[in-house]
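Here's the structure we're looking at; comments come further down.
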Amino acid sequence: MHFPLLRSFLAVALATVSLAGAQAQEKVLNLYSARHYQTDEALYSNFTRQTGITVKRIEGKEDELLERIRNEGANSPADVLLTVDAARLAVAHEMGLLAPVRSKLLETRIPAHLRTDDWFAFSLRARVIVYAKGVVDPQTVQNYADLANPGLRGKLCSRSGSHPYNLSLLASIIAHQGEAKAEEWARGVVANFARAPKGGDTDQIRAVAAGECGVALANTYYLARLMRSDKAEDRRTSERIGVVWPDQNGSGTHVNVSGGGMLKTAPHREAAVKFLEYLASDEAQRYFADGNNEWPVVPGVKVGNPALEKLGAFKADRLPVGSLATYRAKAQLIFDRVGHR
Ligand SMILES: [Fe+2]
């Protein structure tokens with residue numbers, strides 16, 4: 001006996017099941033992220049609403065995520081990596097973890113100096129000079145170069161020289177002025193230390209506010225965090241210090257980025273590109289940047305962030321982010337030579 005109808009029904013049903021299986025596979029994006037901000041929930045749920053793609057997140061510390069992806073090798077479920085600092089993104093590139101992405105949309109939305117072939121910046125942070133009001137005259141610390149002036153002997157606090165933020169800054173100085181000038185600067189900086197490098201940027205800000213040192217470098221989002229803090233002590237800290245946008249009459253204030261790219265081994269490549277493109281949309285740019293008190297990379301996108309507004313406008317260095325990567329290793333060698341541990 002034959003059941004042609006049943007058979008064709010089964011065939012259709014099976015086809016539907018396997019199609020559903022394929023679609024289910026397409027509808028997931030595995031995101032390895034060094035971000036952990038509450039506003040990111042909205043960032044991801046918005047993407048799911050628009051595309052039907054569920055974002056599965058693995059969160060971790062920046063360097064651990066890179067190690068993890070390397071260890072997982074060809075079997076890594078990671079589709080997209082999001083992390084901070086151009087130097088770290090460069091490491092991901094050098095480790096051969098990232099796949100080149102060609103996207104008209106990304107090329108149109110993200111300025112050329114803020115992307116490479118395989119990773120894209122999605123937000124900007126600036127490295128500014130903070131000084132103790134009434135102790136250091138802001139006119140004497142208008143440029144990064146000033147931090148090496150003998151007038152600041154015993155007044156400068158810093159985090160470690162091997163930290164990516166300091167490496168990226170020194171990389172930008174090498175790119176603009178060459179290695180010799182950069183080394184001279186680094187030597188002057190070390191000669192001005194008030195204490196051996198320790199702690200993070202916020203610790204340097206607190207040390208300046210407490211009078212332990214007169215001047216330090218810090219990323220803007222740490223300042224914004226203190227300014228917007230629920231704790232009165234944090235807000236007082238932010239009021240005791242002054243902020244200078246360095247190099248406004250020169251190449252502009254050094255900016256670093258947070259960003260990401262698609263992994264070479266990404267199982268969901270289409271979803272990965274869609275997600276990167278989504279991050280460059282106006283709406284996502286606002287969430288992405290504001291989640292950590294940063295600025296969008298897409299020109300014209302405004303963030304309603306009172307702390308950033310209070311910090312005001314500035315001229316940012318337009319050095320290509322790829323250059324920060326190029327000179328990262330040289331920057332580390334210089335800091336080693338001058339004893340900036
Ligand atoms: Fe940071």
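Here the structure is a predicted model, which means the values were calculated and not measured.
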What's the separation between atom [atom1] in [X] and atom [atom2] in [Y], rounded to the nearest 0.5 Å?
X	Y	atom1	atom2	value
Leu308	Leu223	CG	CG	10.0 Å
Glu94	Leu89	CD	CG	11.0 Å
Leu279	Lys274	CG	NZ	14.0 Å
Ile334	Lys330	CD1	NZ	8.5 Å
Ile174	Trp185	CD1	CH2	10.0 Å
Leu156	Asn192	CG	CG	6.0 Å

Over 12 foreign heavy atoms within 6.0 Å of [atom1], [X]:
X	atom1	result
Glu233	CD	yes
Lys198	NZ	no
Asn71	CG	yes
Arg318	CZ	no

Asp146 vs Ile129, side chain to side chain contact (heavy atoms under 4.5 Å, CB included): CA-CA, chis, key distance, verdict = CA-CA 10 Å; Asp146 296 335; Ile129 295 173; 5.8 Å; no
Work out which heavy atom in [X] is nearest to a heavy atom in [Y]; give both atom names and the distance.
X	Y	result
Val208	Ala132	CG1-N, 3.3 Å
Val136	Gly214	CG2-O, 3.6 Å
Leu81	Ala92	CD2-CB, 4.0 Å
Val80	Leu276	CG1-CD2, 4.1 Å
Ala331	Leu170	O-CD2, 3.4 Å
Thr83	Ala34	OG1-CB, 3.9 Å

request  = Report the C-alpha distance between Arg57 and Asn30 in whole Å, list the side-chain angles of each, state the deciding distance to 0.1 Å, and finish with yes or no for side-chain hydrogen bond (donor to acceptor under 3.5 Å, both in side chains).
outcome  = CA-CA 6 Å; Arg57 250 185 302 169; Asn30 296 320; over 6 Å; no
Check whether [X] reaches the backbone of [Y] with its side chain - one donor and one acceptor, N or O, closer than 3.5 Å.
X	Y	result
Arg235	Ser229	yes
Gln142	Asp247	no
Lys264	Pro100	no
Lys155	Leu147	no
Ser172	Leu169	yes
Arg115	Glu107	yes
Gln204	Ser158	yes
Arg341	Pro197	no
Asp290	Arg286	no
Trp245	Leu311	yes

One thing to verify: whether [Y] and [X] come together as a salt bridge, which I'm taking to mean a side-chain N less than 4.0 angstrom from a carboxylate O.
X	Y	result
Glu184	Lys181	no
Glu277	Arg109	no
Glu183	Arg187	yes
Asp203	Arg159	no
Glu59	Arg35	no

task = Kindly indicate, with the supporting measurements, whether the criterion side chain to side chain contact (heavy atoms under 4.5 Å, CB included) is fulfilled by Tyr278 and Leu43.
result = CA-CA 10 Å; Tyr278 162 76; Leu43 178 71; 4.0 Å; yes
Distance-only side-chain donor-acceptor flag, [X] / [Y], under 3.5 Å:
X	Y	answer
Glu64	Tyr32	no
His268	Asp79	yes
Arg49	Asn46	yes
His93	Asp117	no
Ser123	Ser258	yes
Glu294	Asn292	yes
Ser168	Asp85	yes

inquiry  = Using the rule given for side chain to side chain contact (heavy atoms under 4.5 Å, CB included), can you reason through Leu66 versus Arg70, listing the C-alpha separation, both sets of side-chain angles and the distance that settles it, and then say yes or no?
reply    = CA-CA 6 Å; Leu66 291 180; Arg70 175 158 59 189; over 6 Å; no
task = May I ask you to decide if the ring planes of Tyr165 and Tyr221 are parallel, tilted or perpendicular, using 30° and 60° as cut-offs?
result =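 Judged by the thresholds at 30° and 60°, the geometry between Tyr165 and Tyr221 is perpendicular.
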request  = Show your reasoning for whether side chain to side chain contact (heavy atoms under 4.5 Å, CB included) applies to Lys315 and Thr253.
outcome  = CA-CA 6 Å; Lys315 176 173 132 187; Thr253 296; over 6 Å; no
request  = Go through Arg125 and Asn293 one step at a time and tell me if the side-chain hydrogen bond (donor to acceptor under 3.5 Å, both in side chains) criterion holds.
outcome  = CA-CA 8 Å; Arg125 63 273 297 279; Asn293 297 303; over 6 Å; no
Within the structure provided, determine whether [X] and [Y] are in side-chain contact (heavy-atom separation under 4.5 Å).
X	Y	value
Asp317	His176	yes
Val215	Leu152	yes
Val257	Leu114	yes
Thr202	Arg206	yes
Arg68	Ile58	yes
Ile69	Leu263	yes
Arg240	Lys133	no

ask   = Can Glu309 and Asn305 be said to form a side-chain hydrogen bond (donor to acceptor under 3.5 Å, both in side chains), step by step?
value = CA-CA 6 Å; Glu309 270 158 32; Asn305 182 323; over 6 Å; no
query = What about Tyr44 and Val84, same hydrophobic cluster or not, with Ile/Leu/Val/Met/Phe/Trp/Tyr joined at side-chain heavy-atom distances under 4.5 Å?
reply =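 Per the 4.5 Å side-chain linkage, Tyr44 and Val84 are co-clustered.
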ask   = According to a 4.5 Å side-chain heavy-atom criterion applied to Ile, Leu, Val, Met, Phe, Trp and Tyr, with indirect links allowed, do Ile173 and Leu217 form part of one hydrophobic cluster?
value =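 Linked, Ile173 and Leu217 end up in one cluster.
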key: Proximity of Phe314 and Trp295 rings by center, below 6.0 Å   =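 Yes, ring centres under 6.0 Å apart.
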